[in-house]
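Given the structure is predicted, the values throughout are model-derived calculations rather than measurements.
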Amino acid sequence: MTGLGDSWRKVYPVYDKLADVYERMNLAMTWGNVDRWRRQLASLVPPNAVRVLDAGCGPGNMTRHLINGRYVVGLDYSADMLKANKLDVDKVQGVFEALPFRDNAFDAAVLAYSLHAARDLGRALDELTRVARSVAAVSMGKPDGRMARLLVRLYVSRFVPLLARLLAPRHVEEYKALKEIFKAALPNEDLRRYLGEWLDLKYFGTRGLGAIYMFYGVRRARPLNIVHK
């Protein structure tokens, strides 16, 4: 199993508390690039993908870049995040590892800053590629180089809580949970190879010293002997 495993018990409850500060902190943590990277991700989704799942939609910041001419469904674990999403799209509460949709329900599944929070990445990819013909994501990564990895680890574990003290003082402890996500993450190159079990990757790249990864891939037929538990 690749993913947060039992650390999800520390991470998942966080999202119910952050709706009011979510975008403010994202903007600060990405040095103003959060929406720019969402737009780049949206540009990877082909125009003929008209049925789109925004998985981990939060308050709808990615959905805004997807809705033109498309049928979009927003899914999130957090009921509070879904309530904060005021866009006129269908909204469903659920988790990546057990998506409440039929096979091939969507042309694309899009995940903006949410795939890193999967409890079980293999099971999440099983489900995403079951319900969608392609998957696109931008999320928190782990640099391959030793020095870059150290810098990003320090940024996540030390600097982000300091930012939270300034911008979201009631949520400092919640933002400390990001270090659990970073600790559990695969290095970016290992992740790229891992994704290849499910997806024919058309694009895989990184941003911010490798602290962010972005990809788009089309579902591939998987060998029958690959089973993720």
Side-chain angles (χ1 to χ4, degrees), residues 4 7-42 45 51-101 105-106 108-119 124 127-128 131-132 135-140 156 160-182 212 214:
L4 283 172
S7 295
W8 74 276
R9 298 179 188 280
K10 299 178 183 178
V11 173
Y12 270 41
V14 165
Y15 292 95
D16 278 327
K17 303 177 182 179
L18 299 180
D20 59 332
V21 300
Y22 182 76
E23 192 64 0
R24 181 164 71 241
M25 280 296 294
N26 280 346
L27 191 67
M29 289 188 297
T30 62
W31 301 95
N33 285 299
V34 60
D35 213 49
R36 176 185 173 209
W37 292 335
R38 288 192 189 108
R39 292 194 300 271
Q40 291 177 2
L41 181 65
V45 181
R51 298 171 300 157
V52 177
L53 173 65
D54 185 359
C57 63
N61 297 305
M62 186 68 210
T63 308
R64 291 186 291 105
H65 300 296
L66 298 171
I67 54 178
N68 287 340
R70 292 186 170 113
Y71 169 64
V72 179
V73 175
L75 174 132
D76 206 281
Y77 163 82
S78 168
D80 286 342
M81 284 288 191
L82 290 174
K83 289 176 185 176
N85 186 338
K86 304 303 183 184
L87 295 172
D88 186 19
V89 297
D90 291 335
K91 304 175 188 75
V92 178
Q93 188 173 13
V95 297
F96 301 152
E97 295 83 1
L99 293 173
F101 307 108
F106 301 98
V110 179
L111 303 96
Y113 310 106
S114 58
L115 187 57
H116 56 235
R119 177 183 181 184
E127 282 288 275
L128 289 165
V131 305
V135 180
V138 58
S139 214
M140 189 169 79
V156 169
V160 168
L162 288 177
L163 275 179
R165 289 184 188 280
L166 294 173
L167 301 176
R170 293 186 294 110
H171 301 289
V172 175
E173 291 304 314
E174 285 82 7
Y175 277 96
K176 286 181 179 180
L178 286 178
K179 67 183 179 182
E180 299 291 339
I181 293 174
F182 185 79
I212 296 291
M214 185 182 300

Would you give the length of the straight line joining atom [atom1] of [X] to atom [atom2] of [Y], rounded to the nearest 0.5 angstrom?
| X | Y | atom1 | atom2 | result |
| --- | --- | --- | --- | --- |
| Arg64 | Asp54 | CZ | CG | 11.0 Å |
| Leu82 | Lys86 | CG | NZ | 11.0 Å |
| Ile212 | Leu41 | CD1 | CG | 11.5 Å |

For this session: Using side chain to side chain contact (heavy atoms under 4.5 Å, CB included) as the criterion, list what pairs up with Asp90, not counting sequence neighbours.
Result: Tyr71, Val73
Seminar exercise, completed: By side chain to side chain contact (heavy atoms under 4.5 Å, CB included), Ile67 pairs with (sequence neighbours left out) Thr63, Val72, Val89
Backbone of [Y] reached by a side-chain donor or acceptor of [X] within 3.5 Å:
| X | Y | answer |
| --- | --- | --- |
| Glu127 | Leu99 | yes |
| Asp76 | Gly58 | yes |
| Arg39 | His65 | no |

Problem set entry | Any side-chain heavy-atom pair of Leu128 and Leu115 under 4.5 Å | yes
For this session: Decide yes or no for Val110 and Met62: does some side-chain heavy atom of the first lie under 4.5 Å from some side-chain heavy atom of the second?
Result: yes
Closest non-hydrogen atom pair between [X] and [Y], with its separation:
| X | Y | value |
| --- | --- | --- |
| Leu75 | Pro100 | CD1-CD, 3.8 Å |
| Met214 | Trp37 | CE-O, 3.5 Å |
| Ala108 | Ala132 | C-CB, 3.8 Å |
| Tyr22 | Tyr175 | CA-OH, 4.1 Å |
| Leu87 | Gly60 | CD1-O, 3.5 Å |
| Val172 | Pro161 | CG1-O, 4.1 Å |

Exercise. Should Phe96 and Leu111 be marked as a side chain to side chain contact (heavy atoms under 4.5 Å, CB included) after you check the CA-CA gap, both sets of side-chain angles, and the distance that decides it?
Worked result: CA-CA 10 Å; Phe96 301 152; Leu111 303 96; 3.8 Å; yes
Partners meeting side chain to side chain donor-acceptor pair (under 3.5 Å) with [X] (sequence neighbours left out):
| X | result |
| --- | --- |
| Ser139 | His116 |
| Arg38 | Glu23, Asp35 |
| Arg165 | none |
| Arg51 | Asp107 |

For this session: Check salt bridge (Lys or Arg N to Asp or Glu O under 4.0 Å) between Lys176 and all other residues, then give those that pass, not counting sequence neighbours.
Result: Glu173
Exercise. Do Asn85 and Lys91 pass the side chain to side chain contact (heavy atoms under 4.5 Å, CB included) test, and can you show the C-alpha distance, the side-chain angles, and the key distance before you say yes or no?
Worked result: CA-CA 9 Å; Asn85 186 338; Lys91 304 175 188 75; 3.7 Å; yes
For this session: I would like to know whether Tyr77 and Gln93 meet side chain to side chain contact (heavy atoms under 4.5 Å, CB included); could you show each step before the answer?
Result: CA-CA 5 Å; Tyr77 163 82; Gln93 188 173 13; 5.7 Å; no
Problem set entry | Audit row: Met140, Tyr113, side chain to side chain contact (heavy atoms under 4.5 Å, CB included) steps and yes/no | CA-CA 7 Å; Met140 189 169 79; Tyr113 310 106; over 6 Å; no
